[in-house]
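Input: a single structure, listed below in structure tokens.
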Amino acid sequence: MKKILCIMAVMAAANSVSAQYCPNGDFENWNSKAYVSPDSGWYTSNPSSIVKSDSLTVWSVSGVSGLAVHVQTAIIGTDTNQAYVVNTPGDPASGVGGVPYSQQPTSITGYYRYDLPGNDSAMILLVFKKSGMVVSNQVIKFRGTGSLASFTPFSFPVSLSIVPDSVIIGIASSNVMGTGLQSGSWVEIDNLAFGGTGITQPIPGGTFDHYLAASYDELIGWKSSSFGNSGENVFRSTDHYSGVYSASLITQLGENSVAIAAITTGYFSQSNGPRGGLPYTLTSDTLTGYYKYSTSGTDTATVMVSLSAGGSMVGGAYTKLFPNSAWTYFAIPFSSFSTPDTIRIDAQSSSWYAGVVGSTLKLDYLQLLSQPLPPVGIAYLTTVEPMIAVYPNPVTDLLTIKNANAAGIFTARIYDFTGRTLGERTSVKDIVTFPVDRLGTGLYIYEVQFG
């Protein structure tokens with residue numbers, strides 16, 4: 001039987017409101033989504049598909065010998081998860097990245113099986129480079145009869161006129177360059193290799209026999225984006241100012257040389273950056289927090305507050321964050337020229353004009369002075385056991401305790417500091433709630449018991 005003890009703070013309604021303007025500002029609450037990636041430097045669409053629709057698009061299966069890689073397109077609602085595995089980060093079609101390869105193959109070989117409904121087709125992308133320049137860019141599309149149930153050998157010709165020094169290899173389960181994408185299209189690849197006279201260099205990880213366990217950490221209360229890499233540049237860090245975790249935003253390779261990591265309390269639109277936000281009506285306030293920032297260039301990070309009314313901007317402010325290796329306090333006073341109805345808080349790891357791969361912003365203890373966090377060292381929420389999420393904190397009316405593990409019966413209780421039980425709830429689902437509006441302002445203990 002396992003118990004978790006933490007401390008919560010209850011604030012008087014006169015000093016706070018029930019909505020969280022800066023939710024999870026201490027960055028203690030995360031959902032961790034597990035997945036696997038082929039070893040030897042392969043990257044997959046799993047982080048992107050997890051962000052979009054909490055689904056996996058790449059996993060391992062039994063192959064011709066050992067294991068093979070399974071790549072499967074998923075269209076869930078309006079979200080199209082283009083499934084792929086590629087041997088370099090960034091956008092392979094634009095020639096970003098690559099791995100060393102110094103022979104001149106005339107074919108690419110391996111084994112495949114697939115199921116490609118409609119007029120969809122799977123693809124292999126080959127981009128050879130020399131001295132940083134693309135010398136061959138080839139897309140191999142295959143479909144056959146639309147379905148191939150058993151692993152079958154293939155050999156496709158490779159068009160390459162000179163000896164390269166690097167190669168980019170991508171595999172997609174759908175024709176991402178066309179209009180035939182079908183939900184459920186899948187392809188499995190095994191024993192991928194280059195062929196030709198005198199070819200001895202293997203494709204690193206081309207057997208797809210070995211996989212690395214990985215996870216995507218979803219920041220509760222915020223949306224993440226990396227403007228090209230769909231959120232996998234935002235991480236849970238144990239380097240913190242308070243509690244146990246902070247949010248780490250890292251600029252990485254992307255479609256336009258760099259992919260800037262960003263978080264918002266609103267949402268990310270397809271092409272116009274963050275939009276939306278949370279209900280808010282104050283005309284002036286201050287956002288404060290702590291940060292660390294590192295970069296190899298002249299890059300800067302940014303934290304911004306936007307106020308809007310009826311969809312139009314009415315105020316806000318921002319600050320640039322410069323390199324600092326120690327946790328450093330910042331404050332952003334902001335105001336509006338008319339009463340807002342929405343607030344949105346954004347942060348990003350790089351400047352749009354001087355973004356540098358590897359620039360890293362760490363944020364912690366982000367709060368609005370109108371709705372302060374409990375004092376440092378008082379409330380940690382999910383630090384002892386990440387399967388539990390407790391929100392909001394501080395709370396004025398209804399406290400929610402969520403069992404993110406969602407497995408089995410659990411019981412939650414609230415005590416005062418004399419040990420007196422003030423409430424108890426048992427759930428066979430994943431959530432219990434406590435009305436706390438009748439409790440006095442102060443600190444209370446909650447206990448969660450499994451089994």
Side-chain angles (χ1 to χ4, degrees), residues 1-31 218-222 242-245 265 276-282 285 341-343 345 365-451:
M1 186 171 291
K2 180 167 48 178
K3 293 184 178 180
I4 301 166
L5 291 177
C6 297
I7 297 175
M8 69 174 189
V10 174
M11 297 186 67
N15 298 326
S16 177
V17 295
S18 58
Q20 285 188 292
Y21 308 138
C22 183
N24 194 18
D26 54 5
F27 302 109
E28 293 300 308
N29 299 323
W30 300 76
N31 280 330
E218 180 185 32
L219 179 57
I220 295 174
W222 299 72
S242 70
V244 172
Y245 303 121
T265 57
L278 300 171
Y280 182 84
T281 57
L282 300 181
D285 208 337
D341 57 33
T342 301
I343 186 172
I345 301 171
Y365 210 67
L366 207 60
Q367 63 180 334
L368 290 168
L369 294 188
S370 64
Q371 195 182 60
L373 290 168
V376 174
I378 295 297
Y380 297 115
L381 300 184
T382 62
T383 61
V384 180
E385 184 68 46
M387 71 176 64
I388 293 297
V390 181
Y391 54 90
N393 188 46
V395 60
T396 59
D397 49 13
L398 191 67
L399 177 73
T400 297
I401 300 178
K402 178 179 176 63
N403 175 14
N405 198 38
I409 297 173
F410 77 104
T411 299
R413 301 180 184 90
I414 295 178
Y415 304 91
D416 62 19
F417 270 78
T418 69
R420 182 165 56 103
T421 302
L422 303 177
E424 178 178 318
R425 298 283 190 279
T426 298
S427 176
V428 295
K429 297 181 179 180
D430 61 347
I431 286 179
V432 295
T433 58
F434 287 95
V436 297
D437 52 320
R438 295 185 179 181
L439 297 180
T441 301
L443 298 176
Y444 296 82
I445 297 171
Y446 68 82
E447 173 191 76
V448 178
Q449 177 178 308
F450 296 90

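Owing to the predicted nature of the structure, the values given are computational and were not obtained by experimental measurement. Below, all heavy atoms of this structure are taken into account, side chains as well, without hydrogens, waters or symmetry copies.
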Rounded at 0.5 Å granularity, tell me how far [atom1] in [X] sits from [atom2] in [Y].
X    : Y    : atom1 : atom2 : result
F27  : L219 : CZ    : CG    : 6.0 Å
N29  : Y245 : CG    : OH    : 10.0 Å
T265 : I345 : OG1   : CD1   : 5.0 Å
I343 : D341 : CD1   : CG    : 11.5 Å
F434 : E424 : CZ    : CD    : 7.5 Å

Discussion item. Tell me if a side-chain donor or acceptor on N24 pairs with a main-chain N or O of I220 at a distance below 3.5 Å.
Written reply: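 Checking the backbone N and O of I220 against the side chain of N24, a donor-acceptor pair under 3.5 Å is found.
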Worksheet item: Do the side chain of W222 and the main chain of C22 share a donor and acceptor less than 3.5 angstrom apart?
Response: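 No.
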Worksheet entry | Contact summary for G221 and P23, nearest pair of heavy atoms |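 Smallest heavy-atom distance, with atoms named: O-CG, 3.3 Å.
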Item to complete: Could I get the full list of side-chain contact (heavy atoms from CB on, under 4.5 Å) partners for L282, not counting sequence neighbours?
Response: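 L282 satisfies side-chain contact (heavy atoms from CB on, under 4.5 Å) with Y280, D285, S370 only.
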Discussion item. Which residues pass the side-chain contact (heavy atoms from CB on, under 4.5 Å) test with Q367, not counting sequence neighbours?
Written reply: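 Partners of Q367 under the side-chain contact (heavy atoms from CB on, under 4.5 Å) test: T288, Y365, P372, L373.
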Worksheet item: Does the side chain of T433 come within less than 4.5 Å of R425's, by heavy atoms?
Response: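 SC-SC contact between R425 and T433 ruled out.
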